[in-house]
Structures are given as structure tokens and as C-alpha cells.
Amino acid sequence: MLSRLLPSTSASSARVYDRVAWAWLAAALVTVLCTFRQYGVTWDEAWHLAYGSRISQWYGSGFTDTGALTYRINYLYGGGYDLLGAIFRGIARPMEGFPAIHLLGGLVGVLGLVGTWKLGRALAGPRVGLLALVMLTLHPVWWGHMFNNPKDSPFAVAYAWSLYYMVVAIGELPRPSRGTLVKLAVAIGLALSVRIAGLILLCFLALVLGLFVAHAGWVRRSWAALAAHVRRALVIGTSVTAGAWAVMLIGWPWAQLDPLTRPFIALRRMSSFDAHQRKMPFGDAYVWNYDIGWEYLPHYFGFQTPELVLVMLTIGTLCGVAALLRRGGRPEHVRPALALLLLGMAIFVPPIYAVYKGSPLYDGYRHFLFVVPPMVALAAVTTEALIVRLRRRWARTAAWALTGALLVDLLVQSVRLHPHQVVYFNRLIGGVAGAIGHYDTDYYGNTNPEAMLGLQRWLWDNERATYLDSVYYFTGCLSGKAMHLHVPGNFRSFKTRPGEQYSDFSVGYLRDHCDTRFPDAPQIFAVERDGGVLNVVKDLRGRPVSHRTEKGARRRLPAPKATPTVSEKDQEVSG
């Protein structure tokens, strides 16, 4: 395995695979441009749009408008992507804010595909790079988060690029080029500008440099050589850290006022973040997110990772550990060993640290989306290494054909789930149908717009004579901004109804048992994927008015084990 890493690739052998990769990226870009409007508005997006506007006002007012310094809990996050979103929305006018930010998310997600391609290519050559690119593109959870996750997806993109430039720098040790170090500093700075958790990248860099220096000193048995390597490593580490810090501060007004202290205050607060206290399904129980065990993340990664990636990641991890222990100290293998160690740390250290710290966990592995690019990179390295070891040409051909068939199967599943790829579960649990009731599926409310459009079509088909002259009031765990974007003006929240407030229809996705409200009301539409129902629409008009309110719905719930409904006001407080 180590002998295959950090190869010197000839231009002729790389040309074909690179051309295919660029064609694949072009197809991904076209897909983004054709589909970005089909994704719903999630709970977090409105707050991030507002935070980006406040950061823009911080600069536009000459640092006198201080709204960004105290905005909700967002001020504890870097606003680099939110500031970029504010700039992009200005450029994209007259496109509305949410479609514009979804387009930007898709474009940034494609940039993440490029970074993962380059990471795989730097690790083990152009064929592995192409394979990593295809695996990540067809990873349903990654693709689904690209468009309407304004925090985890851009951080994952910056994380992938940081790992790529770190691998390039490892290949150039002991004297990485100035251009490589500048690009590495910018990439890490962009990660820090979204989440302070990007500090772990600087820790990885420090460990890699320290191990290289220690190995060089041990091999040369010279104090003078060791001192020279230490000085060079300190210069590299200090310059990259300083550059990354400067980039981070551009989009983080709160940290600008105390750049050496406040980022670490934010890190401490985020490490014990407990603003989201909720119950959620996990296995056969309904548990609090701050009372979760170590098995939470392994369950979600095991069930929401495509089977091919999961198997190859497992084999690659075992082979990688064995390779590092047996041959990692050899002088000819030191740089490949450091690259492999970096990849393993990038995958496993963040979730293990979160479990060790007892951090509250929720929404599947959304907050650990950034480990997916290095996961598929290691899976691609392993796949190619295993296939190449097959001695007979027919066996290699059959192995590549099987890999291609599995990837085509992933493409088919992604198309069937569209635009709700984030609810993907693999066949180990029986797909989406097997996960419902046991694990979180649509935790972001992405299915609500489709449910509302289904209600609109049902009314048009069944009440066409009165549809255009009527105003309909709805209730449910909905984001008002999302609904107004996807339905016409004659659909309104029941809270705006004159006089006594009650609803004509209920729209409920699975979180907080919203789908179980009004159990005796007829269901007229359901959002379904892969055999599982993700959202239901119920007609309340045949029920007494007293039973068509939120209060009436809660009285009818089997309440002892149900989670209280999260209102929009609570969402504003907790994010």
C-alpha cells in the first residue's frame, strides 16, 4: 500500500483519466444548474442568510454596525461562507435569496468534488483520483447536503482542500514550495472561517511535521541536522498558522476584536454545545441527544455510507494500520506513511474526540460530513490497490465491472431519492423504509415543500372550481420562509387567520412526531422515498374547529413518550 502512495505520474498516463474527470465534473456542474431550485429551505438557512447580511453591514458601515457581534449564537461561528453568500446574493439579483444561496451551495459542493479528486490523485495517481471523484459524487448524503446546508457542507469542502494541500506538502518535505504553503494556509483559513473546529487541521500539520523531524533526526544521528529540521518545521508551521488565522478573521467580526483569545473561547463553547436539547429515535429507543452513547456515530456511518465505500474503507483501514506498523519507519516510506497517517487521522480523530468529550450528537452525522471526502479517498485507494493485485486480466476486468455496477446502483438510488438524498440509508438496514422509526431521516424539513406542492395539486384536482378563489390555512412543523417560497399566496399559516386561529390542513414530517398529529384526520398526500413515508398531509376541515388547532393536536397525541413540538420561536432561540 505504501509503495503506491505519492506516485510520480507521467503526463501521458494521466491525460485520459484527467479528461474523464473534467467531463464528470462538467456533468456534475450541469446537474447543479438544472436542479438547485428543487431543494427545500432548511431550518438553519434563514439565520445564516441574516448573519451574512450583518457581516456585510459590519464592513459597509465602517465597523459601526455591530449586529454581527451579537447575532443569536451565530457570532461564535466564523461567517466566511455567510459573507460569501451575501456577496453572491447581491451578484445574483434579481434571483431571490434562498434560490441564490442554494445555487452557491451547489457550486461550492462541486468545488469539493474537485478537491476530493485532487486529494485522491495526489495520494495514489489519476485513476484513484477519478474513482474518488465518482464515489463522492454518487454519495447521496454528500450530494443532498450541498444545496441547503450552509455550515457543514462548506466546511467539508475546505477540509478536503486542506488535506489535499497537506498531502502535496508532505510529498515536498523537507522544503515545501512557497506556493503550496500559501494555498494550504488559505484552505485551512477558509475551514476556520466556517467552524473553529478547523483547528484540528493545524494539529494534524504539527503532528506530521513533528514526526518527519523526529524521523530525520533518528536516521541521520546528527544534532545539527535535527536542529536544522526543527527550525524549518517551525517556520512552516508558524507561517501556515499565521496565514490561516488571517484568512479566518476576514469573515468573523466577533473574533476580530480579540483575535488571539476569542477563537479559543468559541472552541470551548462549541465543544460543550448544548443549545439543542431534544429527543430523537435511535435504534429501538427514543433518547435525549445529550445522553447518547459511543455507538451513535458508528450506527449512522454504518447505515448511511454506501456499501462499496464502507467495505473498502474497512479493508483500507486494517491494511493501512498494518502497513504503518510494519513499514512506516523505513526511510523510503516515510512520506507515504505520513500521507496515509494524515488520511486516517482526518477520518477517525474528529468523531473519536467528540465521543471522548461526550459532545451532544444529533442529526445523524451531519456535523461530521467533513470526514466523508477522506473516507472516499481511502476507499478509492483501497479499491484500486486490491484490483491491481489481481493477477489475471479477466479477474481485473470483472472487479472493475463489479465496482462500476455498484456505482451505477448508487446513481439510481440518488435519482430515486431526489431531492431528498440526505435521507439515504444503505441496504444493511433495509434502506429508508428500514430506518424510519429507528433513526432520523428528514431532520432538516427538506420534504415540507414537496408536501405543500402535493397539497396544492390535490386541491387543483379535487376542488378546482373553488381553488383559485379560496385561502387555505395550514399548520405543522414548518419553516414559514420555506413555505412562502414554494406555494402561492393563497396558502397561509394558521397564525395569520383572522379571529379564532385554526387550520384547514396539517403538514407533518417525521421529526418530533409531527406526522402523528390529528390521528383521525384523513391523509390526502404523502412524500415517499424508497418505501418509506417521510411527510404526510391531512385534511382537517371535516373536524370540529376546537380539534383543528395546535392545542387540539397535542391533546390527541400519545404524549408520554413524544417530544414536545419545536415551535418557530424555539427554533430561533436554539437554531
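Reckoned from all heavy atoms, side chains included, excluding hydrogens, waters and symmetry mates.
- Expressed to the nearest 0.5 Å, how far CG of Asp530 lies from CZ of Arg427 amounts to 8.0 Å.
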Apply side chain to side chain contact (heavy atoms under 4.5 Å, CB included) to the pair Arg529 and Arg416, showing each step before the final yes or no.
CA-CA 7 Å; Arg529 291 295 189 279; Arg416 288 176 176 173; 5.9 Å; no
Report the C-alpha distance between Tyr509 and Asn446 in whole Å, list the side-chain angles of each, state the deciding distance to 0.1 Å, and finish with yes or no for side chain to side chain contact (heavy atoms under 4.5 Å, CB included).
CA-CA 9 Å; Tyr509 68 140; Asn446 191 58; over 6 Å; no
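- Side-chain contact annotation: Asn148 with His102, donor-acceptor N/O pair under 3.5 Å absent.
- Using a distance-only test at 3.5 Å, with no hydrogens or angles considered, no donor-acceptor pair links the side chain of Tyr164 to the main chain of Tyr159.
- For the atom pair Arg178 CZ and Ser239 OG, the distance stands at 10.0 Å (nearest 0.5 Å).
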Candidate pair Met166 and Leu184, rule side chain to side chain contact (heavy atoms under 4.5 Å, CB included), full reasoning:
CA-CA 7 Å; Met166 216 175 293; Leu184 175 59; 4.2 Å; yes
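- At least one side-chain heavy atom of Val114 sits less than 4.5 Å from a side-chain heavy atom of Trp161.
- A salt bridge between Arg54 and Asp82 is absent, with no side-chain N of the basic residue lying under 4.0 Å from a carboxylate O of the acidic one.
- Between Phe348 and Val371, every side-chain heavy-atom pair lies at or beyond the 4.5 Å cut-off.
- Under a 3.5 Å cut-off, the side chain of Thr180 and the backbone N or O of Pro176 do not form any donor-acceptor pair.
- Between atom CD1 of residue Ile347 and atom CZ of residue Phe301 there is a gap of 10.0 Å, rounded to the nearest 0.5 Å.
- Other residues, nucleotides and ligands place more than 12 heavy atoms under 6.0 Å from the CD atom of Gln38.
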Should Asn149 and Arg366 be marked as a side chain to side chain contact (heavy atoms under 4.5 Å, CB included) after you check the CA-CA gap, both sets of side-chain angles, and the distance that decides it?
CA-CA 9 Å; Asn149 187 333; Arg366 170 170 73 87; 3.5 Å; yes
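- Under 3.5 Å, the side chains of Ser56 and Ser53 contain no donor-acceptor pair of N or O atoms.
- Enclosure of atom OH in Tyr353 is not indicated, since only 12 or fewer non-hydrogen atoms of other residues, nucleotides or ligands lie within 6.0 angstrom.
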Please lay out, stage by stage, how Gln421 and Trp142 fare under the test side chain to side chain donor-acceptor pair (under 3.5 Å).
CA-CA 8 Å; Gln421 288 93 340; Trp142 170 272; over 6 Å; no
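- Taking the six-membered ring for Trp and thresholds of 30 and 60 degrees, Phe147 and Trp143 have ring planes more than 60 degrees apart, a perpendicular arrangement.
- Taking CG of Leu338 as the start and CE of Met345 as the end, the distance is 8.5 Å to the nearest 0.5 Å.
- A side-chain donor-acceptor contact under 3.5 Å links Tyr296 to the backbone of Gly364.
- Interatomic distance, Asp363 CG to Asp152 CG, rounded to the nearest 0.5 Å: 8.5 Å.
- Listed for the His215 side chain is a donor-acceptor partner under 3.5 Å among the backbone atoms of Gly329.
- Without hydrogens or angle criteria, Gln304 side chain to Val422 main chain gives a donor-acceptor distance under 3.5 Å.
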Step-by-step side chain to side chain donor-acceptor pair (under 3.5 Å) determination, Asp442 to Asn535
CA-CA 9 Å; Asp442 179 25; Asn535 204 316; 5.0 Å; no
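- Tyr39 contributes no side-chain N or O that, together with a main-chain N or O of His418, makes up a donor-acceptor pair within less than 3.5 Å.
- A distance of 10.0 Å separates CH2 in Trp24 from CG in Leu113, rounded to the nearest 0.5 Å.
- Aromatic ring orientation, His229 versus Phe212: perpendicular (interplanar angle above 60°, classes split at 30° and 60°).
- Pro336 places none of its side-chain heavy atoms less than 4.5 Å from the side chain of Met1.
- Here the rule is side chain to side chain contact (heavy atoms under 4.5 Å, CB included) with Leu378, and of Ile315, Leu123, Leu340 only Leu340 fits it.
- For the residue pair Tyr444 / Asp44, a side-chain donor-acceptor distance below 3.5 Å is found, with atom types taken as modelled.
- Without hydrogens or angle criteria, Arg121 side chain to Val128 main chain gives no donor-acceptor distance under 3.5 Å.
- No more than 12 heavy atoms of other residues, nucleotides or ligands shown are found within 6.0 angstrom of CZ on Arg19.
- Between His367 and Tyr362, the ring planes are perpendicular. Angles over 60° get that label, and only those under 30° would be called parallel.
- A donor-acceptor pair under 3.5 Å links the side-chain atoms of Trp245 to the main chain of Pro259, judged by distance alone.
- Side chains of Leu407 and Leu131 form a contact here, defined as non-hydrogen atoms less than 4.5 Å apart.
- Between Phe303 and Phe425, a ring centre-to-centre spacing not shorter than 6.0 Å is recorded.
- A cation-pi contact, defined as under 6.0 Å to the ring centre and within 45° of the axis, links Lys151 to Tyr77.
- Under the salt bridge (charged side-chain N to carboxylate O under 4.0 Å, His left out) criterion, the residue pairs touching residues 367-384 are Arg4-Glu384, Arg127-Glu384, with sequence neighbours excluded.
- The closest side-chain heavy-atom distance from Leu341 to Val208 is not below 4.5 Å.
- In this structure the side chain of Ile55 never reaches within 4.5 angstrom of the side chain of Trp252, judged on heavy atoms.
- Side-chain atoms of Leu410 and Tyr424, non-hydrogen and from C-beta on, do get closer than 4.5 Å to each other.
- Counting heavy atoms from C-beta on, the side chains of Leu428 and Leu310 come closer than 4.5 Å.
- For the pair Pro373 and Ala160, the tightest heavy-atom approach, listed with the atom from each and the gap, is CB-CB, 3.9 Å.
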